[in-house]
Amino acid sequence: MASPVRHYVGGGFDASGVPFPLVDPVTGSAVGEVPQASREVVDRAVRAAREALRGPWAAWSPAERSRLLHRIADGIERRFEEFVTAECADTGKPRELASTVDIPRAVANFRSYADLLAGRSERSWHTTTPDGRGALNYTVHKPLGVVAVISPWNLPLLLLTWKVAPALATGNTVVAKPSELTPGTACLLAEVMAEAQVPAGVFNLVHGTGADAAGQWLTEHPGVDAIAFTGESSTGTAIMRAAAARLAPVSFELGGKNAGLVFADADLEQAVEGTLRSAFTHSGQVCLCTERVYVQRPVFDEFAAALAAGAKELSGYGPMVSAAHRDKVLGHLARATADGDVLAGGGVPHFGDERDGGFWVEPTVLAGLPEDHPAVRDEIFGPVVHLAPFDTEEEALTLANASPYGLAATVWTGDVSRAHRVAPALDVGIAWVNTWNLRDLRTPFGGVKASGIGREGGDHSLDFFSEPMNVCVKL
Ligand code: TXE
């Protein structure tokens, strides 16, 4: 951790609060500390955000806000290597991943909403009323107000900016609370905001844990008008309960147990390569990762052998983000390896150096478990994928859809008609065909069932973060 972890409230930095240790997931050693924001700090942040809504920020035009978002993106690009170093220090993810995905996507988050906003024109209609007289109807888009943004530890800067960018684009003010495990890039973002002359109080940052701490106090705060959250489904339930008291709108990106379907007519090499990426990117700590693959029986053995071989050859992967998460993943593995077949991995890699103190888990391929087994049903959020055979298309869809989650899915097939039959029939928010995590930021992003509420991305985010108002003028 380069720079100290500090709150950013009303345009000023402060590190007040009971500190708790920040741990390097690669070695398990304490490398810094994070201040627990007190209720007073959270309250001060919300009041600063409310104050800023009434200040000069309210008069900023969409064009001025669009230019500001580009300035923030420029600021991240100027300090690109610092952001990569901070993201890798907190998450343990390989530098190659942070420098090609996490940080560039944070820049893209700001630029895509800046461009979308610049192109967004207000609509108005001239209508004829029943008495034949005319009326002019026009829509005014107002900000929601003070928005709480609560983000997780797996893609810290990417997921924080995925919400902050559209919230600012639409004229809101923000109080952000990043995961207590990965505060580094959020601190750098606050510095970039200050450098970009974001008006004081428009963006605020408080650190701390969730339940009975900064996260919960923020979601319960009467001064918070809306909540955008990414994290566990169970946490979503807790936050929705806090929001219910005020009927505050929520946008939730939650957990997943994403399925992959491999048909016998697929390009198997492409399906194996694609599944290695979709199962083991960031050691499976991405909500879009594949955790269960259903393979049509004629190619099951060939696919399973190739995927297991690929998993065994993986190198340069990172650890789990914390000891607690490592223990959760290993707990799943202990039961799964006792109840099923391990085709690759299944344990902890041995390095013979300081990494042996870190939170590492081997890339693991399982098979032979029943569909109601916890490792096939529950989200593991680690480098673990389970394979099972199927015979017919209908059976594949039944298996894939039999989950309380519905975030993402992959379909591997060489038959274009089958692709267009199967993909829309999957109960998920996003289905990829013969690829994974290919993203256009304007598309609707989000899950169904326990995987979330609402959609983010493109106009979906601009719509969530604004209140459209109709004004009708009798002519
Ligand atoms: O979640 P948690 P984690 C999911 C992923 C996995 C989880 C990983 O599937 O399940 O997120 O992130 C704060 N009131 N996704 O373990 O515990 C907490 O401090 C208010 C899906 O961190 O929910 C942290 O800042 N806040 C996603 C944040 O919530 C609370 C993509 C997340 O913590 C709180 C990425 C409370 N009671 C991960 N309890 C997708 N679908 O896009 C905790 N927090």
Side-chain angles (χ1 to χ4, degrees), residues 20 25 34 36-37 42 90-91 93 101-102 105 109 148-160 162-163 175-183 185-186 205-221 224 227-245 248 250-258 281-291 320-329 332 378-382 403-409 428-430 437 439 444-457 461:
F20 59 91
V34 185
Q36 275 279 15
V42 171
D90 282 356
T91 61
K93 69 175 63 184
V101 175
D102 296 70
R105 257 298 304 279
N109 288 345
V149 172
I150 298 184
S151 46
W153 46 257
N154 58 324
L155 299 156
L157 189 67
L158 188 157
L159 291 169
L160 171 63
W162 182 235
K163 299 168 185 329
V175 181
K177 208 293 294 172
S179 172
E180 54 278 20
L181 301 173
T182 55
T185 45
L205 178 67
V206 295
H207 296 284
T209 50
D212 300 321
Q216 182 172 329
W217 299 334
L218 186 56
T219 56
E220 292 175 340
H221 197 292
V224 166
I227 302 164
F229 165 69
T230 295
E232 301 270 3
S233 299
S234 55
T235 307
T237 300
I239 293 176
M240 195 163 188
R241 201 169 283 125
V250 296
S251 173
F252 283 170
E253 307 290 342
L254 304 177
K257 188 66 180 181
N258 307 317
T281 293
H282 190 21
S283 294
Q285 298 171 112
V286 179
C287 57
L288 301 168
C289 277
T290 302
E291 292 201 7
M320 300 298 96
V321 73
S322 67
H325 188 57
R326 182 269 318 273
D327 295 344
K328 170 186 163 186
V329 174
H332 273 293
D378 301 338
E379 176 181 62
I380 298 173
F381 215 60
S403 167
Y405 294 107
L407 180 58
V428 291
I430 310 137
N437 205 17
R439 294 276 292 116
F445 180 92
V448 299
K449 300 192 277 188
S451 289
I453 295 177
R455 292 296 182 274
E456 300 185 356
S461 292

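In listed order, ligands and their atoms are each counted from 1. Atom set for the values below is all heavy atoms of this structure, side chains included, hydrogens, waters and symmetry mates excluded. The structure displayed is predicted, hence computed values, not measured ones.
Shown here are the side-chain contact (heavy atoms from CB on, under 4.5 Å) partners of Thr209, two or more places apart in sequence or in another chain: Phe20, Gln36, Glu180, Ala213. Residues satisfying the side-chain contact (heavy atoms from CB on, under 4.5 Å) criterion with Ala186, sequence neighbours excluded, are Leu160, Pro178, Leu205.
Remark: ligand 1 and Ser451 share no N or O pair separated by less than 3.5 Å (distance only, no angle test). Close N/O approach between Phe381 and ligand 1 is not found [any backbone or side-chain N/O within under 3.5 Å]. Backbone and side-chain nitrogen or oxygen atoms of Thr219 are examined, and none is located within less than 3.5 angstrom of a nitrogen or oxygen of ligand 1. Below 3.5 Å of separation, one finds an N or O of Lys177 facing an N or O of ligand 1. The shortest N or O to N or O distance between Glu232 and ligand 1 is under 3.5 Å.
With hydrogens and angles disregarded, no donor-acceptor distance shorter than 3.5 Å links the side chain of Arg455 to the backbone of Ser251.
Proximity of atom 33 (O) of ligand 1 to the protein is not indicated, since no non-hydrogen protein atom lies closer than 4.0 angstrom.
Looking at Glu180 against ligand 1, only its side chain comes within 4.0 Å, counting heavy atoms. Within the 4.0 Å heavy-atom criterion, the part of Ser151 lying near ligand 1 is the backbone and not the side chain. With a 4.0 Å heavy-atom cut-off, ligand 1 is reached by the side chain of Leu159 but not by its N, CA, C or O.
In this model, a donor atom of one side chain and an acceptor atom of the other lie less than 3.5 Å apart for Lys163 and Thr230.
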